[in-house]
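Reviewing the structure listed below.
First the proteins, then the strands, lettered A, B, ... as listed; each starts at 1.
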Amino acid sequence: MDIPKTYDPKQAEESHYARWEREGCFAPEVNSDPAAPVYSIVIPPPNVTGSLHMGHALQHTIMDVLTRYYRMRGRRTLWLPGTDHAGISTQIMVERQLKKEEGKTRHDIGREEFTARVWKWKEQYGGEITRQMRREGASVDWSRERFTMDEHLSRAVREFFVRCYEEGLIYRGPGMINWCPKDQTALSDLEVDKESQAGKLYYLQYPVKGSDRRLTVATTRPETMLGDTAVAVSPKDERYADLVGQTLLLPIVGREIPVVADEFVDPEFGTGAVKVTPAHDPADYALGKRHDLPQVTVIDQHARMTSEAGAEFEGLDRYEAREKVVQKFEELGLLEKVVDYEFSITKCGRCRTVIEPLISTQWFLKQSELGREPLRLIREQHEPRFVPENPYEKVYENWLAGLYDWTLSRQLWWGHRIPAWYDGKGNVYVARTEADARAQAGTDELEQDPDVLDTWFSSALWPISTLGWPDEDSPDLKTFYPTSVLVTARDIIFLWVSRMMMTGMKFAGKKAFDDVYITGTIFDKHGQRMSKTKGNGVDPLDVFDKYGVDATRLVLASIGSTDTRWNDNQVESYRNFANKIWNAARFCLLNSEGARVGHGFEGEPKTWALHDRWIVSRLHKTAREVGAAVEAYQFHEAVYALYHFFWDDFCDWYIELSKSDVTAADASPERDAARGRVLTVLEQALRLLHPFMPFITEELWQRLPGVGKDSLHAAYRAADVTPTVMLAEFPRADESLIDEQAEEELRSVIELVSRVRNIRTELSVKPGEYLPRLFVGTPDRGMRYVFANSAEQITRLTRASKIFVTDRLEKSSNGGGEIPRASARAVLAGGAEVAVPLEGLIDFAQERARITREREKQEKELQKAEAQLANPQFVERAPAEKVEELRRRAAEVGQRMKALGEMLEALGE
RNA sequence: GCCCGCUUAGCUCAGUGGUAGAGCACACGCUUCACACGCGUGGGGUCGUAGGUUCAAGUCCUACAGCGGGCACCA
């Protein structure tokens, strides 16, 4: 058999995915057990224009580990993939292409043609992320892939809209919205970002009518004064009490505006007097409503000044107008001062253009009503369960408690067109279809609302719409809803988690998911958030190329919900781990003639050799730990347990302990049984590793002799698939095979070998040189039996020619002759003593120093323990078992000290 | 301003009131017939600071500091 010495991830990554997919291994239908419990996840749909970044890779790894794990446990498992249509991003991308290639705008080609172009673009380029997910090994059911603009999902959107409209939850009307002057559309509060920015605070003086007093207001946006319709002061502010109700003369414009009193004003801030621009500021808009102030729009949708701003300003950009206003105030002697000031500014989340708050007629959804049930559920039952609970449960709850109306309409062409029609007489008809609308209106002369809905409106329905809603008897909806868990990043809690819960509870009557797992944020190595603009992102595909997908997945699984700085070293260490797995398998396979997986562990476990009982015990403990860790979303614990089981227990010890049996030159039943045992343990280990490392495990599993249909989980045996580790049963921990005694006994063997190796190194014995004799003394008969039985392995692993096991070292009748003074010595944890005669090699002073060091360590430990035992309060108040444990430890340390003292004596102290 | 998280070895991070851990890095020695992406051995931490609770605190409580995040405000 030809097996390369180094694992090549590429080869394995290219070999299996297509087959898994083709044979339907990812679909829940592969499971033929009608009673199998369900496990389901819908992917938080990535943006169709997007490509894979580290955050996706992290989320996908977590989802895939969960999916593969529960699938191997026999659940009917669905992980549903798909993408959302990303209204603005996609539209902008296609517009840019159109401009570049044909020099046209979307208006030149018209709505219908433009939409067709977007679909074409989507077909051509939109598959990027789905291709990348295949590279990751994501075991999603591609046969159920969904897109938010699919006909079915679009029907769900219309149904959602119409029902909410009929219930009065959706309405159309004027409101203060975020307007992006570049993208030419309204945006919701979640699509804009606040950024702090260095700017200036301008102090402007407004003359009081019929007096020579002036009232000073402070503003960061002087150009908006052209639209001022009042100045507000605090009703408690005595400085201005006499001005309330008086009239000011708005400079430049000449408009007379009132001074009003309002609680909103903080007398401590600025001058305590606030200019009020109801048409261009959300707070002023609300204030204006309270005082019935006129709304004067001075800035238009292109962020240019309107005719209302006056002939001098009309057509000017808002920033040009700002300069001009300030200049005018200066000329008029009304500019009191300008100070540097840091304030926050709202920018379009997409194009970073500064948002212009505008009054505009849009469609809105009363979220607070939809949020009522989810809010009750989280408060009363802590559902869904957030992992980690802190701080996310509270973040979610706070959000639900403070909901406000959601601006739904977007002035775009790409998206779900609002199902509302107008008859030209000012009447609106909201309907599921145009035919319905006509029936309602009693006329065919209708025009559909030109706007589309926020993309997030369709994502909000994702868990139910992808499963078949609004067809309430859809089999998938009945089977897979509610979903088991939603895995996503924290900045998506408001956009997805809360809204999916709202729609799920409203339309399906149940929470959308049992659990919400929030992944950590991956920063660059300097702790900076990765971003395209900074160019500091690490491309997961590059990492895959360099270290392999499996290794990358291990890193990501370990990161889980922790914020982490990305570090290639970690991937490298897991790449090395993959290579270790490869080589362990290589060893097993190169020595597999005559053996098969599943053979070698016949008979009663108590008749097995110590190291066999030990590895089986370790295997079952590992299976227990890994299973428990995955189910508790403690992925780093699972990875840790797997890494150390495989590398330390299996490679460093089990293979080494088994080596002489496995590599025996002549064929024999014993040799083949030993070969079967390492193969069997390896096969079980590959199953344990599979959810984390799908490619290497499959690659190796396929090569093992003796695996086949029978290896599959019972639920999958009927499936017409090539036997695969992904459908094998995840090893169940059999408690009866967990053998604490064997573990303890083998620990002693390991310790003995380690102590002797330590002596070899510290006393500079050449690696190739054999120790002529090795003495072990212990009064414990059982332990003597263990050491004697493991004699071959101990001598081989310590490079000793012969071992003598006796009840006491200082005794002539130990069979190996007198133990010379020139021996290096050590004491094991169980009290056994070791002596290594090193005639002619040992440096007495060096060895004394070594033992003295060891004794000092023990002394410290002993003092600590004795001090604690001397404390009557400890003895009285601590649990008896803790006291007993400490006593035992102190006694043992005392024993060792004594033995070490004797050793020093023997060395001529 | 309010709320939350983090602070443990040089680096990245685990850690369940009861003997401080891993990987990487570091040092020394190894062409030991699965693996130098390896093997063996070793050094390295008053667990951010100050109090408190407790027989016992990295772990629980309080305050403070630094870093990060969310919300509110931002005229």
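- Between the side chain of A:T6 and the base of B:C37, no donor-acceptor pair under 3.5 Å is found.
- Using a 4.0 Å cut-off between charged side-chain N and carboxylate O, A:D8 and A:K10 make no salt bridge.
- When Watson-Crick and G-U wobble pairs are counted only if both distances are under 3.5 Å, B:G51 pairs with B:C61.
- When heavy atoms are screened at a 4.0 angstrom cut-off, A:C651 is found touching base atoms of the nucleic acid.
- Residue side chain A:K394 does not reach the base of B:C3 through any donor-acceptor N/O pair under 3.5 Å, judged by distance alone.
- Counting non-hydrogen atoms under 4.0 angstrom, A:K766 reaches nothing in the nucleic acid.
- Checked by distance alone, A:R575 brings a side-chain donor or acceptor within 3.5 Å of a matching partner on the base of B:C37.
- Nucleotide B:G21 is matched to B:C13 when pairs are restricted to Watson-Crick or G-U wobble geometry with both distances under 3.5 angstrom.
- Rounding to whole angstrom units, CG of residue A:L589 and P of B:C35 are separated by 14 Å.
- Within the 4.0 angstrom heavy-atom criterion, base atoms lie near A:P879.
- One can find a donor-acceptor pair under 3.5 Å joining the base of B:A34 and the side-chain atoms of A:K659.
- One can find a donor-acceptor pair under 3.5 Å joining the base of B:A34 and the side-chain atoms of A:E656.
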